[in-house]
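The structure appears below as structure tokens.
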Amino acid sequence: MNFLIALGAPGLEKIRNLQPSDYSSSDFGVANLSPCLFNRQDIYVVTSREPDKLQSGENEVILWDGSIVDHDTAFSTIMPVPDAYDRIKRYIESIKERREPTGYSGVFGCAQITNDGRFYIACDQLSQYAIFHAHINGTRLFSNSLHLIEKTAKLLNINISRDFASNAYEAAFGAGGWMRTGLSQVEKIPSNHSVSYEQGKVKFIPNVSSAYALQPSQAKYQSRIQYAAKQLKNSALALSKAFPEQGLVIDLSGGKDTRVLLGAQLATGEKNFHVFLGAQPGNPDYEVASNLVSYYDLDSTYFPSNIAAKEHISPVDVARRAAYRYMGTSNLYQSDVGLNTLSGVAKVRGGSAEGRTKAFFLYPDGKRKRMILRYGRVIKHGWGEVSELHRAVSKFVPNYQKREKLLTAMIMSRGKRGHFLFRTEFLQSAYKSVLSNIEWLREHDVAAENLADAYYIFDRGWRHCGFPVQVMNGYRTTFEPLNNIALLEAQFSLKTEGRQKARVSFDLFENFKVESLVEIPFENSTWPEEFFNSASLNRRAVLSNMSPSKVSHQWITDPPGNAESIHVLGRSRYMREIKEYMLELAIGLPVSHECWDYLKREEILKSISNDVFLDARFASTGVRLLHGLIWMAHEESRYPFDN
């Protein structure tokens, strides 16, 4: 369900006059909808359909969206359970009463509105579900959809402009967008916060979770990793119970995160699921996942797409629909952008493992430190005001307690490529902005050892992991069991070195007690031998000789339509297909356009023309810029999902 809550005396009369007919399907992202508008005192609400129990006579309304595992029950907005309303209410009440909810995992957002004109808004405990906020000329808008905010503001004659900042940060650094969105006056509600409205006052309230303040403790780690493994097995059982026969599809690659999902499911003894091999045949991830499918005799499936059987989507349309669905948010994993919903299929993803099962920003080794030194010397000449950074990197040690060193490690881990495309003024301001974000984390009691991983979860995690799930929930139930507070607590009980070596994943597999789950080798990504006992090392050596197995797939839904290039979005071939369109967009934006406050216009035009973005090193930067250009040019294809 998409929802918007509006407050504000200046726009009160206009808000009262809004009608369901003022909104179209593209404002909600779905074709089959019944817009509902209602008010409670001076609170005005717009929803994509009538909320649960709206007409029941009770003194409150609950709005919610997402996919949730609550203890032994899995459910979503698309496939709710009979007591979903009460389960969401219990979650909200726990947050309101400053009690930490336990047993909940997933990416979800919810709001409670009372008949006497109060409300409370909360999202999942790790703030991966995005709820947006605008405060303009005395009017406040809260919503889980930027499109709803943009449309409602227009109806109220409030000017809201589109913004390139979030896209620029993501393209330049892979981080730093913080709470920024694709609309300049709209921000995501701060991470680890909820919102209350009572007696005419809006308050942003820090949530009760103490996970970010944890200090590493090996003694406490053992109990926490066991508890996290138990939680993941409970989630797997809940998913099996919700989908006892067909329709549960688990993403699987050659990496650790999706193998955690598989391990939890296998640990339950239930095998009523299908496996989707996300990579293409010939890709190392595909070969490793194929071995797992063959070894455990699993059913594998082709990806259940939401593309209609006769629908043809060109690469340009893929990009334009992606820019609409993701509301201008930079993301490389935008796929399945057809018109049909898939309410009968549940996908289980491992994307939220970033920052929970390993160190996202790499712990610098000797080679990386030398690279940082070289990078520091380069930027010293171009960034006149940031010699502080050069001083920091010249004395660099692997110590995240100093904000400058954390920033430098972050830049080296996920940024650096493509900086020649950006104006020096933007890079300078971005540097200072990231430092201020790090200070924000410190002020909110994030422990020094947890700064880097907390930064990822708060800053990029919601765009990279949470927001794609939030969007996908519009057409298919999508679970993220790894978005779990217990998993984060186990991770934050480790020192940085343990996180870098992905100790959490290894110990989860040990706790799952599934034969060979640890020893079956990964491609280009494994654990140090010090983790293994001699028997495991011997078994690992034997299993290393497994040859990639050919996997026989089946469809669990009807075969999809013809969608070109969806599975190579963001890669060289895709960028070649959209080259002329990207060049047309860039040329079409006036020289005075705000995009050129961030980007060097001539450098961008030259780079597109000279095929710079066809280089694998720059393709991901190119596709992020492409989606930003589409958003700023209002070129997104506003095709909502059908049922």
Side-chain angles (χ1 to χ4, degrees), residues 222 225-226 228-230 232-233 236 240 248-303 348-351 353-354 356-359 481-482 487 490-491 494 497-554:
Q222 294 303 324
I225 194 66
Q226 290 172 13
K230 180 182 177 181
L232 291 175
K233 285 188 282 188
S240 293
L248 191 64
V249 184
I250 297 178
D251 271 357
L252 187 64
S253 70
K256 299 180 177 69
D257 304 333
T258 58
R259 198 184 295 203
V260 169
L261 297 176
L262 174 64
Q265 209 72 41
L266 292 175
T268 68
E270 302 285 345
K271 294 184 71 173
N272 57 318
F273 59 88
H274 295 261
V275 169
F276 163 59
L277 278 62
Q280 297 295 295
N283 183 292
D285 276 354
Y286 184 94
E287 309 301 348
V288 172
S290 295
N291 281 339
L292 290 166
V293 168
S294 298
Y295 188 86
Y296 294 110
D297 191 26
L298 304 174
D299 292 328
S300 64
T301 181
Y302 285 107
F303 188 75
V348 186
R349 298 175 74 251
E354 299 281 16
R356 295 135 176 86
T357 62
K358 60 189 175 187
L482 301 184
L487 193 59
Q491 169 83 334
L494 284 173
E497 185 176 4
R499 299 178 199 180
Q500 180 66 34
K501 294 178 179 178
R503 182 89 223 190
V504 163
S505 297
F506 184 91
D507 289 338
L508 285 174
F509 293 149
E510 294 280 276
N511 277 275
F512 291 156
K513 300 187 187 313
V514 175
E515 181 185 4
S516 302
L517 196 60
V518 168
E519 292 91 351
I520 292 176
F522 294 85
E523 180 68 27
N524 299 325
S525 176
T526 189
W527 292 286
E529 291 193 354
E530 67 196 61
F531 283 14
F532 295 91
N533 59 35
S534 57
S536 292
L537 281 173
N538 291 336
R539 184 161 186 77
R540 188 186 189 193
V542 171
L543 292 172
S544 294
N545 295 321
M546 292 173 64
S547 59
S549 306
K550 292 185 177 180
V551 174
S552 173
H553 297 298
Q554 59 177 302

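We find the CG-CD distance between D507 and Q222 to be 6.5 Å, quoted to the nearest 0.5 Å. Between the CG atom of D285 and the CG atom of L277 there is a distance of 9.5 Å, given to the nearest 0.5 Å. Taking CG of L494 as the start and CZ of R499 as the end, the distance is 6.5 Å to the nearest 0.5 Å. One finds the CG atom of D251 at 7.0 Å from the OG1 atom of T258 (value rounded to the nearest 0.5 Å). In this structure, CZ in R540 is found 13.5 Å from OG in S534, a value given to the nearest 0.5 Å. For the atom pair L508 CG and L517 CG, the distance stands at 10.0 Å (nearest 0.5 Å).
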> Can you check side chain to side chain contact (heavy atoms under 4.5 Å, CB included) on E529 and L537, steps first, answer last?
Replying inline: CA-CA 7 Å; E529 291 193 354; L537 281 173; 4.0 Å; yes
>> Could you go through L482 and L261, starting from their C-alpha distance and side-chain angles, then the distance that decides it, and tell me whether this counts as side chain to side chain contact (heavy atoms under 4.5 Å, CB included)?
In response: CA-CA 8 Å; L482 301 184; L261 297 176; 3.8 Å; yes
>> Applying side chain to side chain contact (heavy atoms under 4.5 Å, CB included) to Y295 and I520, what does each step give before you reach the verdict?
In response: CA-CA 9 Å; Y295 188 86; I520 292 176; 3.8 Å; yes
>> As a quick check of understanding, evaluate side chain to side chain contact (heavy atoms under 4.5 Å, CB included) for S516 and Y296, giving each step before the final call.
In response: CA-CA 10 Å; S516 302; Y296 294 110; 4.0 Å; yes
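Closest heavy-atom contact between Q491 and T357: OE1-C, 3.7 Å. Minimum interatomic distance between L248 and S240 (heavy atoms only, all atoms of both residues): CD2-N, 4.4 Å. V249 approaches F276 most closely through the heavy-atom pair CG1-CB, 3.5 Å. Looking at every heavy atom in both residues, G263 comes nearest to V514 through O-CG2, 3.9 Å.
Between T301 and V275, every side-chain heavy-atom pair lies at or beyond the 4.5 Å cut-off. D257 places a side-chain heavy atom less than 4.5 Å from the side chain of K358. Residues L292 and R259 have side chains in contact (heavy-atom distance under 4.5 Å, counting atoms from C-beta outward). Between V518 and W527 the shortest side-chain heavy-atom distance falls below 4.5 Å. Counting heavy atoms from C-beta on, the side chains of P521 and L543 come closer than 4.5 Å. Counting heavy atoms from C-beta on, the side chains of F506 and I225 never come closer than 4.5 Å. For the pair E515 and R539, the minimum side-chain heavy-atom distance is below 4.5 Å. Considering only heavy atoms from C-beta on, N511 stays 4.5 Å or farther from K233 through its side chain.
Salt-bridge formation is detected for the pair E530/K501: a Lys NZ or Arg NE/NH1/NH2 atom is positioned less than 4.0 Å from an Asp or Glu carboxylate oxygen. The residues D299 and K271 are annotated as not salt-bridged, no charged nitrogen and carboxylate oxygen being separated by less than 4.0 angstrom.
Looking at S536 and E519, their side chains do bring a donor and an acceptor atom within 3.5 Å of each other.
Side-chain atoms of S300 come within 3.5 Å of backbone atoms of S552 as a donor-acceptor pair (strictly under, hydrogens ignored). Panel note: side chain T268, backbone Q265; a donor-acceptor pair is recorded below 3.5 Å.
Outside the 6.0 Å centre-distance limit, the rings of F531 and F509 are not counted as a close aromatic pair.
Residues passing the ring-ring contact (aromatic ring centres under 6.0 Å, His included) test with Y302 are H553, W555, sequence neighbours excluded.
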